[in-house]
Structure formats: structure tokens, C-alpha cells
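Worksheet: one structure, shown below.
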Amino acid sequence: MPNPFDFGRFRPSVRTAGGEPLSALARPGVRLPATLPNRFPEFAHSDFQSFKEDPGVPGVRVRFAPSPTGSLHVGGARTALFNWLFARGQGGRFILRIEDTDRERSSPEMVEDILDALRWLGLDWDEGPFLQSERLDRYRQVADWLVSANKAYRCFCSTDELAAKRQAASASGKSWKYDGACRELPPDQFRARHARGLPSVVRFKGTRVGEVVFEDRIFGRIAHRTEQIEDFVLVRSDGMPTYHLGVVLDDLDMNISHVIRGADHISNTPKQILLYQALERTVPDFAHLPLILGSDRTRLSKRHGATAVTTYREQGYLPDPFCNFLALLGWSPKTEVESLSTDELIRQFSLKGVNKSNAVFDPEKLSWFNSRYLRNAPAERLLPLIRVELEREGLWKGEFDSSDRAWMLKVIDLLKQRVRMVSDFATQGRAFFTDDFEIEDKARRKFLKNEALPLLMPELAARLESLPAFGLEEVESALRAFAAEKEVKAGLLINAARALLTGKAVAPGIFEVMAALGRDRTVARLSGTSWLENEPRAGE
RNA sequence: GGCGCUAUGGUGUAAUUGGUUAACACGCUGCCCUCUCAAGGCAGAGAGUACGGGUUCGAUCCCCGUUAGCGCUACCA
């Protein structure tokens, strides 16, 4: 097995135009403040001061950091999966963090929803979930330090002012980024505005020479010139940290070794690297994952149908095939075998197998994985899942899991062959679990039109009723003998029986159905005549 | 608009220190099996690797340009 650490240790660098490392320009003697009381005593390596002295050792620590502005979608699930697979494969730690600094859009319900979805997928976390909203003091503390070290500054420009400038620029066809109006505010002006109680944000004081270069584990070398990186906001006027401050500080405090996240963050990475530099810390490894798109090659969204993981759970998809399918979006195993159990996924996953191009989400293939999994799963495993579906339909009976358990397992084995989702057991298999079912029109049209049937079926029922035993073979030979005797094709009887017994045009082999239903139910349904009365309406 | 990234059948992905009939899976078509539908078996269609140049005996692979798509360009994350 290839060693996933084979590709060497990439370190990003920031260089001036002259080529010397930017850290050489950093002001000497600047120290971080003593850390606040640790709000996360669970962290083994979270001491912001000390871990720098102890590089190398930590091992793999990765994280998934969704923001609770919506429920977990397939893109997020794939990101979580890859982090989890990497951690599990490396014997590392998988940490869950909730980025809820956007007060407007975040909600506790969504946090629960995301946790639920992750649990369902089987992606268990080792630490967390940690909420950024509980670390506010820490962000402010570090932001203050940054300001005092002249690596950030307070900006009094109002959003209106900025919007106006941006407007003006775009009106004349030019791009605009923050002009640094407050960057070198004279002390007296600063004091004056401060005294007036003007709201302000904290902006990062970026350098304007050289370029930021980093080696992405997946995309390779990525370079940005620093001049195109504006002085981004670190702390909003309401005191809440922005994403950039949040991620960097959290990844530092949580001692994250590999940042594995969506490629939509590639362009943010240089900003964050600058921040790491300003904080005088080493930078984690970055691995950006290609994005998942809808069938029209635009970013997956609601109008592409289901994007929330919970929707798939509700529709009867299973976590294992779901993860298997997700893993194949952007990653491929070394071998040609695509159907992998979660354990095999862990064993085979490597960042080296991840490609760079965006992938289109194909529900058909997901469905194939799901049906394949269902077909091969032992009935015992499926029973609890099916129970949920039957309960939802009001079809569940206690005996199914007690006195009739053996029978139930047999029925599951029968039905699982041609099912695509768990919910199909309750719909396609309804007639096995209750006598209250309808004969679908399609079955009527296909199988019940022959005029001889109203006479034949009750007679067949009588024949079956008198059978000494009601096993597969007895039933089959009885039906075939009856067909021969009446000089009709066995298929005519078989298909009519299918419609009468299951209500469906599609069902398992008819003799298996009869054996599973048992003599009484089989005879009753075949001899019943109610189907003659409800003719389907004309035109249907 | 600026900046960044990407580009192999319809979809997901393989492939070669540059040399293969460009491979596998989903989907699709036909046949077999057969009591329906799946499954399974067999056979097939579908890309000449976005386009245009270059380097080379030879390019999907290296270089340049173009195009397209996506991402970033917020006091969202």
C-alpha cells in the first residue's frame, strides 16, 4: 500500500518582490499574549503558545467545519467523508466544528440537522462539536494583539461609503478593492473618531509586494500576488469575527494538520496564509477538493432536486452505498473495483487519488449503488430499516419481529432483489404485509383482460386449496397441471395470479409469492371476485 | 471587469520518465434466460482526449495561445 505521506512536506512561502521570505520583514520582538483560559481542555495540543515548538509530532488532525445556515448538503457530506476517511486511514483525529459566526443566517436547528446527517452517514467525530460562537473572546483577544502589533488596524469606513466607492468603480468599468483609507490613520484622527463612538471593523494589514505561494496537496502549486489581496475584515463592527479569522485561529488552536475543504476556498487560502504569517505560526497542509455540480454543470442547488443529505435518508437510501457513491466523486481507487465497503474505502483512500476537475452529481448511479447494496444485504440487516418504512405506512405488526420473524426475513429476501430504495419494500411489497391493497391499473391491463380468467381463477384456487402440502414444488406442479388440463398457457395463469396476489404488474416469482403468502391468503385472493367489479375507468 | 483553477464517450473516472485497438463503472441498444420486472449472461453503440499552434520520429500526456465552465472578488462561510 502506498504511503500517503510520500509526496513530501509542502510548505507555503511568502516572498517579497526581491525574493527574501516575508517573515524577515516581520517586526522583531512581537509576542502573542498569554492564552486565555483554555475553553477546550479536550485538546491535547491546543496550547497556542507551545505547539510551535513541537512541530512534526502531532500526527493527522483534520476537521469538518460546516456553517449551520442550512442542512448538510451532498457537497458538505463529501467534504466530511474525505476528512473522515483520511483521519481513519491515518489513525488521526476527526474534529467537528460549527462555524456559526453569521448570526443572521445560523440556527441551532440546523446544527442539530447537520449532526443528525453526519451520524446517519456514520461519520463519527473524535472531538467537538465546537461552536465558534463560544470562542468570541479568543478571536477578539487575538485581533487586539494583531492591531497592537501593527498587523491589523481599525477601519471606520461605513458600509455605505464602501458600497458607493465600489459602485463608482464598477460604473467606470473598473474593479475595486478596499483602498486602505484607514490603513494609516493618524493617531489623533483615530482618537477623534473613536471618541465619537463611530463603529469600526478590524482589517488585516496586508503586504503589497511579492506573492503568496503554496503547494496544494491536490491542485499543486498555487500562486497569488499579494497586491491583489485586499485588507480583508477580521472583526465586524458588531464584534463578531469573520470567517478568515475564525478558521485560521481555530485550525491553529485545534492543531489541525491538514485542511481538507472545497475548492471554493482556494482563492481564500492566500489570505489565510498571510494571517498565519502575521500570527507567526506554521501553516497546515491544504488539500482542496473539486466541487460537485448539478447536471447542467452549475453548482449543485435546490433546483437540481434533492441536495440535502436528510432527503436521501428519507427517500430510502442507505448510508453505505451513499458514501461509496460520494467517495467516487473526485476520487478513484487504484483498482477497477468501484463497489467498496466503508472499511475498504478507509483502507484505500488517499489524497493522491483525488482529481482536480469538478464532478457532476448523477442520481442514476447513486440509485444503482443503493439497489446493489440492498440486493446483497442480509435480511436481518434490512429488517430494522424496513420496519421504519412499514411503521410510516401503518403496516407494521409486532409479529414481524417476533413470531413471524423467520417468515419476514424470507419475504425480505424475496423483495430485495428488485428494489431500489428501502421505501420500495412498503410500496412494492404492500400485499405481503396486509390484505388491504389495490390492484394497480397497469396490472389489470396487462394481466387480467383475458375473458376466461373469471372462471379459471376460482377453479385454480380450489385446486390449490386441496393440495396436501403448500411448498414451492407442489404449488408449481399443481398450477402447470391445471394449465395443461385447461389448455391455456401457464403464463396466463401466472400473471393473473401475480395481479391478484400482489396487486402489482411487477413482483417476485409467483410460486415464491404463493409459498410466502401461504395457502389461506393465496386461495382467498385467487377466488375473490371483487376485482371483477372495479373495472378501471375507460380511457385509463 | 480583475484574479485563480479546471478541461478524456451522456455521467463518474483510468491510462503512458511522450509509443495502448484510449480502459473500467453508471446509463443506453439488441439478444439469451424467463411467469412480470429486476438480476445474470452475451453482443453492441458512443470519446480519438475542448479548439488552435508549437516541441518531438511520435503528444491525451510537455510548452504557448484561444475558448468554455467553475470559484473568489462581502462587515457570507
Side-chain angles (χ1 to χ4, degrees), chain A residues 65-69 99-102 104-106 155 157-159 162-163 166 169-170 172-178 199-203 216 219-220 222-225 228-230 232-238 240-244 246-247 261-271 288 290-291 293 295 297-299 325 328-339 353 355-369 371-372 375 417-420 428 442-443 446-447 476 479 489-499 502 504-511 513:
Chain A
S67 70
T69 54
E99 308 211 325
D100 58 348
T101 54
D102 184 346
E104 304 277 289
R105 303 193 302 151
S106 299
C155 165
C157 300
S158 71
T159 45
L162 296 176
R166 202 170 287 128
S170 76
S172 55
K174 276 180 271 181
S175 68
W176 189 84
K177 51 185 191 304
Y178 181 66
S200 65
V201 300
V202 176
R203 281 183 189 274
D216 190 274
F219 283 85
I222 291 177
H224 274 75
R225 287 185 303 282
Q228 69 205 24
I229 300 172
E230 73 174 346
F232 54 95
V233 173
L234 297 173
V235 181
R236 295 185 265 240
S237 53
D238 66 357
M240 294 296 278
T242 61
Y243 165 68
H244 296 295
V247 254
R261 70 212 325 185
D264 48 345
H265 289 298
I266 283 185
S267 304
N268 290 325
T269 307
K271 288 180 195 157
H288 288 94
L291 266 20
L293 311 177
S295 52
R297 294 206 158 267
T298 64
R299 208 180 190 170
F325 169 74
L328 264 14
L329 256 29
W331 174 81
S332 65
K334 279 296 182 189
T335 65
E336 290 199 325
V337 183
E338 283 197 333
S339 254
N355 71 0
K356 305 177 194 176
S357 45
N358 295 345
V360 173
F361 183 86
D362 179 13
E364 288 269 19
K365 189 160 181 174
L366 202 214
S367 183
W368 179 81
F369 272 108
S371 63
R372 189 185 174 288
R375 211 162 45 239
Q417 303 302 327
R418 59 211 81 207
V419 120
R420 275 177 104 70
Q428 285 185 34
K442 192 177 166 198
K446 257 179 108 172
F447 299 139
E476 172 156 14
L479 183 142
K489 287 171 104 176
L492 176 70
L493 267 23
I494 286 171
N495 284 325
R498 180 183 329 280
T502 68
K504 303 285 175 191
V506 172
I510 199 64
F511 305 115
V513 170

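Computation of the quantities below employed the complete heavy-atom set of this structure, encompassing side-chain atoms and omitting hydrogens, waters and symmetry-equivalent molecules. These figures come from a predicted structure and were not determined experimentally. A, B, ... follow the sequence lines: proteins, then strands. Residue 1 opens every chain.
- Residue contacts shown for A:Lys446 are limited to sugar-phosphate atoms, with no base heavy atom under 4.0 Å away.
- Between the CG atom of A:Leu293 and the P atom of B:G69 there is a distance of 13 Å, given to the nearest Å.
- Among the heavy atoms of the strands lying under 4.0 Å from A:Thr242 are primed sugar atoms or P, OP1, OP2 only; no base atom is included.
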Under 3.5 Å, N/O pairs linking protein and nucleotides 43-47 of chain B:
none

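- A:Arg372 comes within contact range of no nucleotide atom at all, as no heavy-atom separation falls under 4.0 Å.
- Ranking B:U6, B:G12, B:C37 by closeness to the A:Ser357 side chain, first place goes to B:U6.
- Not counting sequence neighbours, the partners of A:Gln417 by the side-chain contact (heavy atoms from CB on, under 4.5 Å) test are A:Arg375.
- Comparing B:C75 with B:G4, their C1' atoms sit 24 Å apart, to the nearest whole Å.
- Look at the C1' atom in both B:C33 and B:C24: the space between them is 26 Å, to the nearest Å.
- The distance from atom NE2 of A:His288 to atom NZ of A:Lys356, rounded to the nearest 0.5 Å, is 14.0 Å.
- Annotation: side-chain hydrogen bond (donor to acceptor under 3.5 Å, both in side chains) contacts of A:Asp264 (sequence neighbours excluded): A:Arg299.
- Inter-residue side-chain proximity for A:Thr269 and A:Ile222 is flagged as unmet; no heavy-atom pair is nearer than 4.5 Å.
- B:G27 atom P lies 15 Å from atom CZ of A:Phe361, rounded to whole Å.
- Each of B:C72, B:C75, B:U36 was ranked by its minimum atom distance to the side chain of A:Leu162; first place goes to B:C75.
- Across the P atoms, B:A50 and B:A15 are found 16 Å apart, a figure rounded to whole Å.
- Here A:Val360 lies in heavy-atom contact (under 4.0 Å) with sugar-phosphate atoms only.
- Distance, A:His244 NE2 to B:A77 P: 8 Å, rounded to whole Å.
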Would you tabulate the pairs of protein nitrogen or oxygen atoms and nucleotide nitrogen or oxygen atoms of nucleotides 1-4 of chain B closer than 3.5 angstrom?
from: B:C3; atom 1: O2'; to: A:Gln228; atom 2: NE2; distance (Å): 2.6

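- Not counting sequence neighbours, the partners of A:Ala443 by the side-chain contact (heavy atoms from CB on, under 4.5 Å) test are A:Ile439, A:Glu440, A:Ala499, A:Ala505.
- Using a 4.0 Å heavy-atom cutoff across all strands shown, A:Gly246 reaches no nucleic acid atom at all.
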Would you list the protein and nucleotides 20-26 of chain B atom pairs, both N or O, that sit under 3.5 Å from each other?
from: B:A23; atom 1: O2'; to: A:Glu336; atom 2: OE2; distance (Å): 3.2
from: B:C24; atom 1: O4'; to: A:Glu336; atom 2: OE2; distance (Å): 3.3
from: B:A25; atom 1: O2'; to: A:Glu338; atom 2: OE1; distance (Å): 2.9
from: B:A25; atom 1: N3; to: A:Lys365; atom 2: NZ; distance (Å): 3.3

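- For A:Thr298, the side-chain atoms get nearest to B:C70 when compared with the rest of B:C70, B:U11, B:A38.
- Whole-Å rounding puts the A:Asn355 CG to B:C70 P distance at 18 Å.
- Nucleic acid contact class of A:Thr101 (heavy atoms, under 4.0 Å, all strands): sugar-phosphate only.
- Remark on RNA chain B: of its neighbouring residues A:Tyr243 and A:Lys271, the 5'-side contact belongs to A:Lys271, judged by nearest-heavy-atom nucleotide.
- Secondary-structure annotation of RNA chain B gives the stems B:1-7 with B:67-73, B:10-13 with B:23-26, B:28-32 with B:40-44, B:50-54 with B:62-66, with a stem taken as at least 3 successive Watson-Crick or G-U pairs whose two distances both fall under 3.5 Å.
- For the C1' atoms, the distance from B:U6 to B:U60 is 15 Å, rounded to whole Å.
- Counting non-hydrogen atoms under 4.0 angstrom, A:His288 reaches nothing in the nucleic acid.
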Could you write out each protein N or O paired with an N or O of nucleotides 32-35 of chain B at a distance under 3.5 Å?
from: B:C35; atom 1: O2'; to: A:Asn495; atom 2: OD1; distance (Å): 2.7
from: B:C35; atom 1: O2'; to: A:Arg498; atom 2: NH2; distance (Å): 3.3
from: B:C35; atom 1: O2; to: A:Arg498; atom 2: NH2; distance (Å): 2.2
from: B:C35; atom 1: N3; to: A:Ile510; atom 2: N; distance (Å): 3.3

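- To the nearest 0.5 Å, atoms NZ (A:Lys271) and CG (A:Leu234) are separated by 11.0 Å.
- Nucleotide B:C5 holds its C1' atom 15 Å from the NE2 atom of A:His265, rounded to whole Å.
- Residue-level contact check: A:Glu104 touches neither bases nor backbone, having no heavy atom under 4.0 Å from any strand.
- For A:Asp102, the salt bridge (Lys or Arg N to Asp or Glu O under 4.0 Å) test picks out A:Arg105, with sequence neighbours left out.
- In B:G48 the O4'-C1'-N dihedral to the base is within 90° of 0, which defines a syn nucleotide.
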Donor-acceptor pairs under 3.5 Å, side chain of residues 360-368 of chain A to any protein atom, not counting sequence neighbours: which ones?
from: A:Asp362; atom 1: OD1; to: A:Glu364; atom 2: N; distance (Å): 3.1
from: A:Lys365; atom 1: NZ; to: A:Glu338; atom 2: OE1; distance (Å): 3.0
from: A:Ser367; atom 1: OG; to: A:Arg420; atom 2: NE; distance (Å): 2.8
from: A:Ser367; atom 1: OG; to: A:Arg420; atom 2: NH2; distance (Å): 3.2

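- One C1' atom belongs to B:A7, the other to B:C51, and the distance between them is 11 Å to the nearest Å.
- Atom CD in A:Glu230 sits roughly 15 Å away from atom P in B:C72 (whole-Å rounding).
- Nucleotides B:G44 and B:A23, compared at atom P, are 13 Å apart to the nearest Å.
- Nucleotide B:A38 holds its P atom 16 Å from the NZ atom of A:Lys504, rounded to whole Å.
- Using a 4.0 Å heavy-atom criterion, one finds that A:Gly220 contacts no nucleic acid atom at all.
- Taking atom P on both nucleotides, B:C32 is separated from B:A38 by 15 Å, rounded to a whole Å.
- Within the structure, every side-chain polar atom (N or O) of A:Arg299 is placed at least 4.0 Å from both OP1 and OP2 of B:G69.
- At a cut-off of 3.5 angstrom, counting only N and O atoms as typed in the model, there is a donor on one side and an acceptor on the other between the side-chain of A:Asn268 and the base of B:A77.
- The two residues A:Val201 and A:Ser237 come nearest to each other via the heavy atoms CG1-N, 3.5 Å.
- Listed pair A:Arg166 / B:A74 meets the phosphate criterion, a side-chain N or O lying under 4.0 Å from OP1 or OP2.
- Under the side-chain contact (heavy atoms from CB on, under 4.5 Å) criterion, A:Glu99 pairs with A:Ala65, A:Ser67, A:Arg97, A:Gln132, A:Tyr243, A:Val247, sequence neighbours left out.
- Note: A:Glu104 CD to A:Asp238 CG = 8.5 Å, rounded to the nearest 0.5 Å.
- Between A:Arg297 and B:G12 there is a side-chain N or O to OP1 or OP2 distance below 4.0 Å.
- Across B:U49 and B:U21, the matching P atoms stand 15 Å from one another, rounded to whole Å.
- Nucleic acid contact class of A:Ser67 (heavy atoms, under 4.0 Å, all strands): sugar-phosphate only.
- Partners of A:Thr242 by side-chain hydrogen bond (donor to acceptor under 3.5 Å, both in side chains), not counting sequence neighbours: none found.
- Residue-to-nucleotide proximity on RNA chain B shows that, of A:Val235 and A:Pro290, the 5′-proximal contact is made by A:Pro290.
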